[in-house]
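These values consider heavy atoms only, across backbone and side chains, with no hydrogens, waters or symmetry-generated copies.
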Amino acid sequence: MICFYKSYNGINFLFNSDNSLYLLRKLETATIEVPIIENIRENIKNQICTMEINLFSDEDYVFYKNNRITFWFSEETLEYAIYKITDFLAKGDFYPSEFGDFIISNSLGVPEGNRRRKMPIYFIKE
């Protein structure tokens, strides 16, 4: 199961070879009509949360509240996620760990406010 924790500087996803290979297979076969929905574990509170990845939006958005993280990926971001995970499986580490800056949105994928604040997302070796 993929683990994550939110810190003051963003959301950090923790990967090992098993959960990264599992997510890679899901991303490689993803379709626009069907979101990827996974249970993930919040590392600090040790609670189960839901992660949803929707394809394809014009920009990259994230919604995070309570036990739910929802992403909207652009086509380029999906390709980059596949590349980062494939590279991790080959080399054993994420370098650099930064995955991207996602625009903070509401639960419908609409940016909150006029400022278009961003939340950095990191991929880290577990």
Fill in: ILVMFWY network linking I53 to F123, side-chain heavy atoms under 4.5 angstrom
yes

Item to complete: Kindly compute the distance separating CD (E42) from NZ (K6), expressed to the nearest 0.5 Å.
Response: 10.5 Å

Practice prompt. Linking directly or through intermediates, with side-chain heavy atoms under 4.5 Å: list the remaining ILVMFWY members grouped with V110, chain and number order.
Written response: L108

Fill in: Hydrophobic cluster membership, Y22 vs I124, 4.5 Å side-chain cutoff
no

Fill in: S105 versus W72, closest heavy-atom pair with distance
OG-CZ3, 3.4 Å

Discussion item. For a 4.5 angstrom cut-off between non-hydrogen side-chain atoms, does L89 reach L24?
Written reply: yes

Fill in: Test item: N43 and R41 side chains (from C-beta on) under 4.5 Å apart, heavy atoms
yes

Worksheet item: How close do M1 and N19 get, heavy atom to heavy atom, and via which atoms?
Response: O-ND2, 3.3 Å

Worksheet entry | Closest contact, heavy atoms only, I82 versus T86 | O-OG1, 2.7 Å

Worksheet item: If you measure from CD1 on I2 to CG on D18, what distance do you get to the nearest 0.5 Å?
Response: 11.5 Å

Worksheet entry | Student check: side-chain heavy atoms of F15 and F88 closer than 4.5 Å | yes

Worksheet item: Would you say the side chain of C49 lies within less than 4.5 Å of the side chain of Q47, judging by non-hydrogen atoms?
Response: yes

Fill in: V62 vs T70 side-chain heavy atoms within contact, under 4.5 Å
no

Worksheet item: Do Y61 and F71 have ring centres separated by under 6.0 Å?
Response: no

Worksheet item: Can you find a heavy atom in the side chain of R68 that is under 4.5 Å from one in the side chain of Y64?
Response: no

Fill in: Note, N12 side chain near F4 side chain (heavy atom, < 4.5 Å)
no

Worksheet item: Is it true that I11 and I40 fall in one hydrophobic cluster, defined by side-chain heavy atoms closer than 4.5 Å?
Response: yes

Worksheet item: Do F94 and D87 come close enough that some side-chain heavy atom pair is under 4.5 Å?
Response: no

Item to complete: Could you tell me the separation between the CD atom of E33 and the CG atom of N54, rounded to the nearest 0.5 Å?
Response: 12.0 Å

Worksheet item: Centroid-to-centroid, F13 to Y122, below 6.0 Å?
Response: no

Worksheet item: Shortest non-hydrogen contact from E126 to C3?
Response: OE2-SG, 3.9 Å

Discussion item. If you apply the rule side-chain contact (heavy atoms from CB on, under 4.5 Å), what do you find for T50 with N39, and how did you get there?
Written reply: CA-CA 5 Å; T50 302; N39 286 329; 3.9 Å; yes

Worksheet entry | Heavy-atom pair of closest approach, residues P120 and N9 | CG-O, 2.9 Å

Item to complete: Identify the two heavy atoms, one from D60 and one from S74, that lie closest to each other, and give their separation to 0.1 Å.
Response: OD1-N, 2.8 Å

Discussion item. For a side-chain contact (heavy atoms from CB on, under 4.5 Å) check, start with the C-alpha distance between L27 and I85, then their side-chain angles and the critical distance, and finish with the verdict.
Written reply: CA-CA 10 Å; L27 291 172; I85 295 171; 3.9 Å; yes

Item to complete: Take I37 and M51 through the side-chain contact (heavy atoms from CB on, under 4.5 Å) test and state the conclusion after the steps.
Response: CA-CA 6 Å; I37 300 175; M51 176 178 70; over 6 Å; no

Worksheet item: Is the count of non-hydrogen atoms from other residues, nucleotides or ligands lying under 6.0 Å from F56 atom CZ greater than 12?
Response: yes

Worksheet item: Taking atom CG of D93 and atom NZ of K125, what is their separation to the nearest 0.5 Å?
Response: 5.5 Å

Discussion item. side-chain contact (heavy atoms from CB on, under 4.5 Å) for K118 and F102? Distances and angles first, verdict last.
Written reply: CA-CA 5 Å; K118 293 190 175 187; F102 285 70; over 6 Å; no

Worksheet item: When rounded to the nearest 0.5 angstrom, what distance separates CD1 in I69 from CE in M119?
Response: 8.5 Å

Worksheet item: Are L78 and Y83 linked, directly or through other ILVMFWY residues, by side chains that come within less than 4.5 angstrom of each other?
Response: yes

Fill in: CD-CG distance between E28 and L23, expressed to the nearest 0.5 angstrom
10.0 Å

